[in-house]
There are 2 protein chains.
Amino acid sequence: MTTMELLTRAKAAKSAMALADTDTKNAALLAMAEELLAGQADILAANTQDLEAAKGTVSDVMLDRLALTADRIAGMAEGMRQVADLPDPVGQVLRRVERPNGLVIERTAVPMGVIAIIYESRPNVTSDAAALALKAGSACVLRGGKEAHHSAAAIVTCLKRGLERAGLPADALALVEDTSRASANELMTASGYVDLLIPRGGAGLIRACVDNATVPVIETGTGICHIYVDKGADLAMALDIVTNAKCSRPSVCNAAEVCLVHKDIAPAFLPMLRRRLVEERKEAGQIPVELRLATTAAAIIAGSPAGEADFDTEFLDFILAVKVVDGVDDAMSHIAAHSTGHSECIVTCDETAARAFLTGVDAAAVYHNASTRFTDGGEFGLGCEMGISTQKLHARGPMGLEELCCYKYIVRGEGQIR
Amino acid sequence: MTTMELLTRAKAAKSAMALADTDTKNAALLAMAEELLAGQADILAANTQDLEAAKGTVSDVMLDRLALTADRIAGMAEGMRQVADLPDPVGQVLRRVERPNGLVIERTAVPMGVIAIIYESRPNVTSDAAALALKAGSACVLRGGKEAHHSAAAIVTCLKRGLERAGLPADALALVEDTSRASANELMTASGYVDLLIPRGGAGLIRACVDNATVPVIETGTGICHIYVDKGADLAMALDIVTNAKCSRPSVCNAAEVCLVHKDIAPAFLPMLRRRLVEERKEAGQIPVELRLATTAAAIIAGSPAGEADFDTEFLDFILAVKVVDGVDDAMSHIAAHSTGHSECIVTCDETAARAFLTGVDAAAVYHNASTRFTDGGEFGLGCEMGISTQKLHARGPMGLEELCCYKYIVRGEGQIR
């Protein structure tokens with residue numbers, strides 16, 4: 001089926017999704033989870049096809065991302081059940097006002113309509129994204145990466161069965177068959193068909209969407225996150241936070257990429273930082289962090305000299321750019337010039353410096369004395385997430401079910417005129 | 001000054017605006033109101049220049065929109081004082097959660113940064129838009145129409161004096177000097193400088209922004225609003241609502257352009273409608289409404305035959321397209337195919353039909369038994385408005401101060417790591 005045919009069918013199905021009650025949507029999610037498990041053999045066979053085609057052409061990390069196992073499929077099914085357990089955002093009255101003229105005006109959460117998601121190689125995104133979009137009352141059009149296409153198609157076949165068992169239209173979920181760049185562009189410009197486009201992937205994909213899309217887009221993901229260690233920091237706490245933010249999972253967007261250190265404590269802190277991130281990790285048989293040092297930091301500890309690009313790069317690896325700054329204002333200027341608006345942290349016991357930082361830094365999440373790794377739907381108490389928005393319009397930070405909805409005003413009168 | 005210089009200065013001023021407390025912003029608004037009145041002679045002289053240049057090249061309606069008087073300037077000053085009286089949206093904690101690990105996470109309203117507004121000929125938009133953007137803690141870059149440029153420049157000169165008197169940077173408010181299409185395109189693509197672009201004007205301007213902008217945009221305004229008169233309607237009420245929605249101010253976006261009538265009551269209702277909108281208005285010396293009738297309606301009453309485009313045109317005039325439909329589902333299908341997502345109304349005493357319409361119609365505001373003319377910031381209790389959003393992302397319907405803000409998560413910890 002062409003992408004436009006899929007979109008036309010998804011558009012036709014959106015009203016049934018919008019009108020579906022909570023029980024029906026939850027029944028569909030549970031049926032979809034069952035069908036995933038029932039279709040395990042087909043899904044694994046399709047995944048083997050993908051893995052064999054990918055071997056030799058992609059990295060081992062990519063191959064691991066691509067690989068499905070019985071355990072991973074069980075995890076996907078469990079994820080769908082968890083979404084069924086979350087409260088239904090649709091129909092919530094967000095604000096209610098009764099006007100002096102008797103009009104009752106309710107700002108009410110409603111589905112977006114058709115949510116399209118462009119993603120890359122992880123097959124589990126297929127079921128995660130579908131579960132969230134459908135629970136939020138929208139039809140869902142998925143466009144995955146070429147490498148994972150057989151896997152995604154097998155997963156979607158199972159999920160559609162689950163939708164139908166609950167009496168919802170199978171057309172409310174679709175996987176774009178064309179995995180060339182043309183289909184991504186088609187989604188970006190499908191005005192009137194796509195109500196919201198969410199790109200999940202690398203910086204190139206996201207930039208292409210922002211530059212080319214004529215449909216509404218939410219940018220996700222790129223995170224050049226900074227930890228600023230202030231003069232007033234508890235150095236042991238700062239060390240723990242930087243280590244956690246850098247090393248606990250370097251491949252994710254909420255990992256830290258840059259450490260800024262106040263000049264007064266740099267002579268004490270930087271050697272501690274080097275010991276913890278380099279020597280101690282080597283001694284423990286862990287991957288040591290490569291420190292890329294601005295000249296101000298290189299004057300105090302050993303490390304690679306930082307190049308121009310190192311303060312504007314999302315390393316997603318065991319690499320940390322380090323710079324000494326004059327104080328909180330200097331740190332904020334650096335962040336304003338280099339931040340991607342994701343998550344930024346100050347470590348300090350000085351409340352005045354903390355307040356200046358939390359107020360003055362422009363990002364989805366600003367932290368005082370905690371790791372940037374907490375920027376996550378689950379950690380924020382949303383129960384799930386479709387991605388981390390780094391834009392300002394609509395949703396900022398982790399997007400849960402509420403953020404996948406919009407609202408409309410429902411106005412009830414008794415013949416009022418103006 | 002070039003547009004890019006203005007933008008660079010506005011960007012530099014946004015931090016001072018974001019940090020300004022409520023008293024300072026309100027003092028600035030009151031000082032700006034005073035300066036408008038003090039500068040009345042200069043503003044009127046500049047307006048005379050604009051009016052003389054425009055004479056003969058624009059319609060009388062346009063000339064009237066363009067014209068300023070002492071009364072209109074007093075109204076603009078009063079508008080600024082009213083914005084000073086509104087609650088400050090910045091810093092409001094929209095949601096607060098304390099996590100089991102002790103993290104305190106506050107979703108907090110923060111300013112957008114730099115809000116750019118592209119508008120057309122009404123000089124009063126200059127002060128209205130500036131007041132709202134500045135009160136919402138953002139710097140404001142205005143790009144008005146060529147016809148009103150001298151007036152707008154004189155107004156902005158006064159307003160900047162007011163800003164400075166309150167200790168805020170004059171650069172936080174700017175009027176783009178270049179009124180050619182090039183400057184509009186410059187604003188649309190000023191990524192990193194413009195945090196939000198609001199086009200206020202005709203459908204062509206808004207389409208150009210949506211198609212070309214790489215900065216975040218909120219679409220405003222176009223309203224092809226429908227009134228559906230159901231079989232279960234109180235016909236006298238329906239007549240009052242249609243008359244009000246069409247005739248009370250036909251030039252605005254919340255005026256009705258289309259009336260859909262259930263086939264069972266069309267033989268009774270349409271002659272009443274014609275009498276009220278055509279004959280009675282003629283008798284009263286008022287402009288009669290031109291009825292453009294689909295064949296189904298033309299079979300019952302006299303009027304012009306409707307052309308293809310008449311159900312897709314925002315007339316903004318004493319013209320009403322009329323069509324007979326089979327019932328609420330047919331009405332909803334018509335609306336889904338022709339609506340601009342602004343305001344749609346059902347008149348009925350049948351609660352089932354009303355519920356189906358209110359749930360099923362996808363628009364910023366859906367009405368049961370009330371005129372679409374109420375879609376307005378003041379009428380919705382927001383105290384003001386920057387325009388009516390017809391998109392789904394971020395804000396929908398009238399945009400008040402809250403809708404001109406975004407939010408960020410402020411996370412406070414005591415050394416938590418993940």
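First the proteins, then the strands, lettered A, B, ... as listed; each starts at 1.
Contact annotation for B/V347: neither backbone nor side-chain heavy atoms come within less than 4.5 Å of a heavy atom of chain A. With a 4.5 angstrom heavy-atom cutoff, B/S248 touches chain A only via side-chain atoms. Only the side chain of B/V97 comes within contact range of chain A, with heavy atoms under 4.5 Å apart. For a residue to count as touching a neighbouring chain, one of its non-hydrogen atoms must lie under 4.5 Å from one of that chain's; by this rule B/V215 does not touch chain A. Proximity to chain A (any heavy atom under 4.5 Å) is shown, for B/A238, by neither the backbone nor the side chain. If you measure heavy-atom distances from B/D376 to chain A, the contacts under 4.5 Å come from the side chain alone. The contact between B/A364 and chain A is made entirely by backbone atoms, counting heavy-atom distances below 4.5 Å. At a 4.5 Å heavy-atom cutoff, the contact between B/D211 and chain A is made by backbone and side-chain atoms alike. For B/E403, the part lying near chain A is the side chain, with the backbone staying farther off; criterion is any non-hydrogen pair under 4.5 Å. The part of B/I105 that comes within reach of chain A is its side chain, from C-beta onward, which places non-hydrogen atoms under 4.5 angstrom from that chain. Residue contact with chain A, scored on non-hydrogen atoms closer than 4.5 Å, involves the side chain of B/L103 exclusively. Neither the backbone nor the side chain of B/R249 comes within less than 4.5 Å of any heavy atom of chain A.
Remark: the backbone N or O of A/C406 is not paired with any side-chain donor or acceptor of B/R396 at under 3.5 angstrom. In this structure, the side chain of B/K408 does not engage the main chain of A/K392 through any donor-acceptor pair within 3.5 Å. Here the side chain of A/H394 pairs a donor or acceptor atom with the backbone of B/H394 at under 3.5 angstrom. Using modelled atom types, no side-chain atom of A/N244 and backbone atom of B/I417 make a donor-acceptor pair closer than 3.5 Å.
In terms of heavy-atom pairs under 4.5 angstrom with chain B, the leader among A/T375, A/T243, A/V210, A/D195 is A/D195.
At least one side-chain heavy atom of B/N254 sits less than 4.5 Å from a side-chain heavy atom of A/R418. Side-chain contact check for B/I410 versus A/H368: every heavy-atom pair is 4.5 Å or farther apart. Looking only at side-chain heavy atoms (C-beta outward), B/N101 and A/F374 come within less than 4.5 Å of each other.
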Problem set entry | side chain to side chain contact (heavy atoms under 4.5 Å, CB included) evaluation trace for A/E379 with B/Q416 | CA-CA 12 Å; A/E379 295 294 334; B/Q416 282 87 342; over 6 Å; no
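For A/Y409 against B/G397, the heavy-atom pair with the smallest separation is CE1-CA, 4.4 Å.
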